[in-house]
Each structure stands twice: as structure tokens, then as C-alpha cells.
Student: 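Sharing a structure with you now.
On a predicted model such as this, the values are computed, not experimentally measured, just so you know. What's counted below: heavy atoms across the whole structure, side chains too, no hydrogens, waters or symmetry copies. In the text below, chain A, chain B and the rest are named by the order of the sequence lines, each starting its count at 1.
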2 protein chains.
Amino acid sequence: MCRLAEMTFELDRFLPYRLSVAAGRVSRRFARLYETESGLTNPEWRVLAHLAQAGTVSVRDIHARVDMDKSKVSRAAARLEDAGLVRKQDHETDRRLVALSLTEEGAAMMARLGAIAGAFQTELLAELGPSAKAFEDALNRLSAAGNTGDDDHDDDDAA
Amino acid sequence: MCRLAEMTFELDRFLPYRLSVAAGRVSRRFARLYETESGLTNPEWRVLAHLAQAGTVSVRDIHARVDMDKSKVSRAAARLEDAGLVRKQDHETDRRLVALSLTEEGAAMMARLGAIAGAFQTELLAELGPSAKAFEDALNRLSAAGNTGDDDHDDDDAA
DNA sequence: TATTGATCATTGCAGATGCAACGAGTCGAT
DNA sequence: ATCGACTCGTTGCATCTGCAATGATCAATA
């Protein structure tokens, strides 16, 4: 049971490494698709996609939910606003918050990108084959386990 | 059959996103372990780990094998050399190449880090439970599929 | 041999990133 | 109403990263 004492460490079998390589490759593969289509960077894509899903939310929401640094979200949102894809308004009751939402143009963009993403998703599922279900389960476990230790006391709607 | 036409795109179910988040969390979790122990950055850890596995190799070998940009490998190797963990020698027959290898000190460091990594690996496997096997299979498929002939690669979230 | 084209490691540079402030705003207790 | 502790979004700054040269070296060919 104690395999820790092996003399030579094998990077190829180390899960964090393999996970990272796989994530990088898949991300780059997908990035080639939407970059040529939209000119968006990865943080911009993520913010846009989250807005399409969540409606009107704040920077903090995205930061907590999407695992991106606040400044990253803020800068991505600023660029998206310049591009006319996202609207920044004052929150109704709490003026510290920024209410981010998609513009018409942003929604149209996400319609196109959503189709591309959907097609890529089915492509990936086909590559995964029967492992797909267990794979998603594993991703859930790992993401959940990594959630401890940060400074967050989330209380908002968990989901 | 045709689920692509859904009106609202759901980021939560998009595999590249979930994969990236999981990889980032796991990497950061592991990074906390070896950073406090060794003071190494992630690229440095990867180079060191690969050297422990591969013996004496060139920058190009690591670049191709570990999915890191050449310059990233080069700079990491330079820092490791300054720290006395890695030795850079001329290649015997081809003087373009650099022969990277671990020093005594580097090997000792890897012995400690290898133990930490092994413990973390078993921790992850425990969290994964029965999905572990299918998960590794899925990682293999995804890494292989992303390997489309290109030369230069690098990834976002590191381990 | 001289020359051309390829490969290898390094470096310059522009842009991205993470982290720590900072100002603005909110809430509760006094 | 005021004070103090807290939260939110932005920005400064040091560092990191990716990409495109650059210089050095090799292999092949004339």
C-alpha cells in the first residue's frame, strides 16, 4: 500500500501535471476556435460566457464563481465594454457594485460562440467516449476539494 | 441528437472550463506544498521533476516533452543553476545543446519533493475514489487529441 | 571548402498576471 | 450623526509569459 517510497519520481504519472497538460491543450484547442471568430482573449470569453449564463452580475460574483482574480475580471470587463459587448451600470441598491450585463451585440456574439462551444463540447465527449461520465464526476470532486482554504465566506446563492 | 441549438449557454457544463478550473485549483493546492518546502516556482518544479525522471536532457527535450515554452524552460533552468540544484554542461557531440542534470543538492531536493508529491497523489486518488481510473484514461485521451502536430505549446494552469 | 538551410538556447520586448494598496460605499454600534 | 470595520471595483507595480528575433552550431550539398 505504501508506494510513496519509490526511488524515482515519475512526472508522467503525477495527476496535477497530467491534469494541467490536458487542460492547457484543450484550452488552446478551443481558443483557436473562438479567437479567430471573435478576437476575444480567454478572460474575456469567460466573462462573456458567465454573463450569458447568469444575466446581470457583479465583478465579485464572477470572481468567486469562475475562479478568476478580481483584477482579471475587472480588466476583461473593461475591454469588453470598450468593444461594446458588455454594459456596466450602477447597482440599484448598493452603489459599490457594478451591474454587468450583455449588450445586444454581446448577446449576438455569445450566440455565435455558444454554437461553437457546443460543437466543441460534443467533439470532446466523442473523444472521451465511455469515460465521459466518470470524468465529469472527477472534475467535480477535484474542484470542490480545492475550494477550501481561501479567504471566502460565501453565503450568496450556492449553485 | 442535436443539442447544440440550446438558447442559453451553460458555462458550468462546458468541459474546457471545468477542466481548467479543476487544474488551477489542484495546481495551486500542490504549489502551496512545495513552495513552502523548497521556494521553487512552478516552472522550476517541473524542470526539476523532469530531470529526476529523465536523467540528462536538453532544453528542447523538456520543451517538447513537458509542454512548456522554450524560454520558460531556459529561464527556469537558469534559476535552478543559480540555486545550485541543476548543472549545465556542454553536450558531447553537439555543442548547440545544453546537457541539464541534477546536482547532488538537486537530487536531494527532489527526494524530499518526490515524497511530498507522492503523498499528494494518494490524497487526490482518495478524493477521486472509484472515478480515478476512468479519470486517468480521460486525461490521456484529451492530451493525445490536443497533440496536433504543432511545435510550440504552453499551458495556462501549471502543475 | 564554402554556402545554404536547419536546429538549439538565449534574450528583448510588449502584454498579461497576481498581489497589495487605495478610494468609494455600506452597515452596525454608539 | 459619526465613527470604525468591512466590502467592492480599480489601479500600480513587480514579475511572469509568449512570441519573435539573435547568435551559435550543425548537416547537407555543390
Student: How close or far is atom P of C:dT11 from atom NE2 of B:His63, stated in whole angstroms?
Tutor: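 Checked: the NE2 to P distance equals 18 Å.
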
Student: Reading nucleotides 13-28 of chain C from the 5' end, what letters show protein touch, with B for base, S for backbone sugar-phosphate only, - for no heavy atom under 4.0 Å?
Tutor: ----SBB-----BS--

Student: Taking the side chain of A:Val59 as its heavy atoms from C-beta onward, which of D:dT10, C:dC8, C:dT10 lies nearest to it?
Tutor: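 Out of D:dT10, C:dC8, C:dT10, the nucleotide with an atom closest to A:Val59's side chain is D:dT10.
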
Student: More than 12 non-hydrogen atoms from neighbouring residues, nucleotides or ligands closer than 6.0 Å to NZ on B:Lys133, yes or no?
Tutor: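 Counting neighbours around NZ of B:Lys133, 12 or fewer heavy atoms of other residues, nucleotides or ligands fall under 6.0 Å, so no.
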
Student: Which of parallel (below 30°), tilted (30 to 60°) and perpendicular (above 60°) describes A:Phe14 and A:Phe9?
Tutor: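 If you compare the ring of A:Phe14 with that of A:Phe9, the planes turn out perpendicular.
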
Student: D:dG18 C1' sits how many Å from B:Asp67 CG, rounded?
Tutor: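 So the two atoms are 13 Å apart, to the nearest Å.
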
Student: What integer distance in Å separates B:Arg60:CZ from C:dT10:C1'?
Tutor: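 Those two atoms, CZ and C1', are 16 Å apart.
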
Student: In this structure, how many angstroms lie between the P atom of C:dA9 and the CD atom of B:Gln89, rounded?
Tutor: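 Whole-Å distance recorded here is 14 Å.
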
Student: On the nucleotide C:dT10, are OP1 or OP2 found under 4.0 Å from the side-chain N or O atoms that B:Ser74 carries?
Tutor: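 Yes, within the criterion.
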
Student: If you group Ile, Leu, Val, Met, Phe, Trp and Tyr by side-chain heavy-atom gaps below 4.5 Å, do B:Leu97 and B:Val66 land in one group?
Tutor: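 Shared cluster, no.
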
Student: Could you tell me whether the side chain of B:Arg87 and the main chain of B:Ser101 form a donor-acceptor pair under 3.5 Å?
Tutor: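 Flag not set: sc B:Arg87 to bb B:Ser101 has no pair under 3.5 Å.
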
Student: May I ask you to decide whether B:Arg75 forms a salt bridge with B:Asp69, counting only side-chain N to carboxylate O separations under 4.0 Å?
Tutor: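 Judged by the 4.0 Å cut-off on N to carboxylate O distance, B:Arg75 and B:Asp69 do not form a salt bridge.
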
Student: Between D:dG18 atom C1' and A:Arg28 atom CZ, what is the distance in whole Å?
Tutor: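 That distance rounds to 11 Å.
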
Student: Do A:Tyr34 and A:Phe120 have ring centroids that are under 6.0 Å from one another?
Tutor: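 Ring centroids of A:Phe120 and A:Tyr34 are no less than 6.0 Å from each other.
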
